[in-house]
Amino acid sequence: MKNTIKIAIPNNAFRLADTFKSGQIFRWRETEKGFAGFIKNAPALITQLPDGVVCQTDYDISEQQLSEFLGLDLDYDSIFNAYSDEVIKQAYEKYRGLTILKQEPLECAISFITSANNNIKRINKHMDALSKLCGRAYEFNGQTLYAFPELSELQRLTEADFAALGFGYRAAYIAAFIKRVKDEYPLFLSLRSSDYASAKEYLLSFKGIGNKVADCILLYGFRHYEAFPVDVWIKRALNELYGFSEKNAQKINEFAAQKFPNYAGIAQLYLFMLMRMGGSGQ
DNA sequence: TTCCAGGCGAAGA
DNA sequence: TCTTCGCATGGA
């Protein structure tokens with residue numbers, strides 16, 4: 001490895017395994033040494049240390065890029081200390097060190113369009129199959145890893161190609177998404193600096209992106225931390241932990257925004273972990 | 001065989 | 001505006 005980056009993280013403020021197994025990101029593989037995947041199209045292996053993390057890669061990734069990717073540029077203690085809610089405080093105590101990763105927007109969007117009425121194992125399978133079909137191959141640690149395809153590679157694929165990979169009825173959504181994003185790529189990337197409401201409105205204009213998927217893309221791909229993805233697990237969490245049984249998505253979002261100002265999405269990830277790992281899980 | 005999976009869109013009430 | 005239903009696929 002030509003590049004080894006170590007980041008010291010005191011007080012157990014990062015948990016590698018929980019973070020990569022929390023369902024927020026796909027295609028990262030657990031090995032005996034840590035987790036292997038891609039950071040900005042560079043294959044990387046990340047290992048947990050007692051006092052931090054170390055990242056090994058053949059390519060140039062700066063410490064700052066690694067830190068941002070791992071979501072270490074946020075002060076989680078301060079965020080959760082600012083909340084008065086006891087339930088979320090307990091969830092934070094239990095999973096402290098779980099962070100929000102900074103994903104590449106395009107891959108993140110396609111991952112979460114794929115996630116609709118799907119399970120995490122199959123989402124991984126679909127994204128791996130897509131990468132293997134037309135992503136760039138890298139020899140890394142004695143095995144071949146495939147990067148997520150570039151937009152130029154994706155735009156050559158048809159709905160039939162996605163269907164052949166097993167995407168089911170989402171094949172049409174993804175093909176149409178790529179076709180439009182190809183023409184609007186600067187606009188798509190600008191969602192990072194848009195305000196949350198207008199960024200969400202834009203994403204909702206795509207077929208196959210509804211309320212929940214839009215919030216996942218905004219939270220994990222564009223770092224809009226106020227986005228609060230509402231799925232079956234979160235509905236269960238709000239019902240069981242707060243006695244809140246409202247079904248209307250907008251009212252649930254309002255509840256979350258009031259309960260967890262500014263960083264509802266981070267609270268959501270902790271609630272999601274609490275429910276999935278505490279219950280039957282997968 | 002039937003049910004379910006980090007939902008969505010369209011039709012019906 | 002709110003609720004219900006069909007949807008591709010594959011593993012349990």
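Just so you know, these numbers come straight off a predicted model, no measurement behind them. Letters A, B, ... mirror the listed sequences (proteins, then strands); counts begin at 1. Excluded from the calculations below are hydrogen atoms, water molecules and symmetry mates; all remaining heavy atoms, backbone and side chain alike, are included.
Aromatic pair A:Phe206/A:Tyr173: centroids not less than 6.0 angstrom apart. Aromatic pair A:Phe112/A:Tyr220: centroids less than 6.0 angstrom apart. Between A:Tyr59 and A:Tyr138, the gap from one ring centroid to the other is short of 6.0 Å.
Using a 4.0 Å heavy-atom criterion, one finds that A:Ser22 contacts the bases of the nucleic acid, with or without backbone contacts as well. Using a 4.0 Å heavy-atom distance criterion, A:Ile209 is classed as a sugar-phosphate-only contact. At a threshold of 4.0 angstrom between heavy atoms, the contacts of A:Gly23 include nucleobase atoms, whether or not backbone atoms are also involved. Within 4.0 Å (heavy atoms only), A:Phe26 reaches no atom of the nucleic acid at all.
The distance between atom CG of A:Asn248 and atom P of C:dT4, rounded to the nearest whole Å, is 14 Å. Separating the CG atom of A:Leu203 from the P atom of B:dC8 is a distance of 12 Å, rounded to the nearest angstrom. Regarding A:Asp231, its CG atom lies at a distance of 10 Å from the C1' atom of B:dG7, rounded to whole Å. In this structure, A:Phe112 places its CZ atom 17 Å from P of B:dA5, rounding to the nearest Å. Going from atom CD of A:Gln250 over to atom C1' of C:dC2 covers 13 Å, rounded to whole Å. Between A:Lys212 atom NZ and B:dA5 atom P there is a gap of 13 Å when expressed in whole angstrom units.
Listed nucleotides: C:dC2, B:dG9, B:dC8. Nearest to the side chain of A:Lys207: B:dG9.
Residues passing the salt bridge (Lys or Arg N to Asp or Glu O under 4.0 Å) test with A:Asp58: none are found, sequence neighbours excluded.
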Contact string for nucleotides 5-12 of chain C, one letter per nucleotide 5' to 3', B = base within protein heavy-atom range under 4.0 Å, S = sugar-phosphate only, - = neither, reads --BBBSS-
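Connection of A:Ile79 to A:Tyr95 is established within a shared hydrophobic cluster, with ILVMFWY side chains joined at heavy-atom distances below 4.5 Å, either directly or through further cluster members.
Taking the ring centre of A:Phe148 as origin, the terminal cationic atom of A:Arg27 falls outside the region bounded by 6.0 Å and 45° from the ring axis.
Both A:Leu204 and A:Gln24 lie near DNA chain B, and the one whose nearest nucleotide falls closer to the 5' end is A:Gln24.
For B:dA11 and C:dA8, the P atoms lie 14 Å apart once the distance is rounded to whole Å.
Nearest heavy-atom pair across A:Ala214 and A:Lys200 is CB-CG, 4.2 Å.
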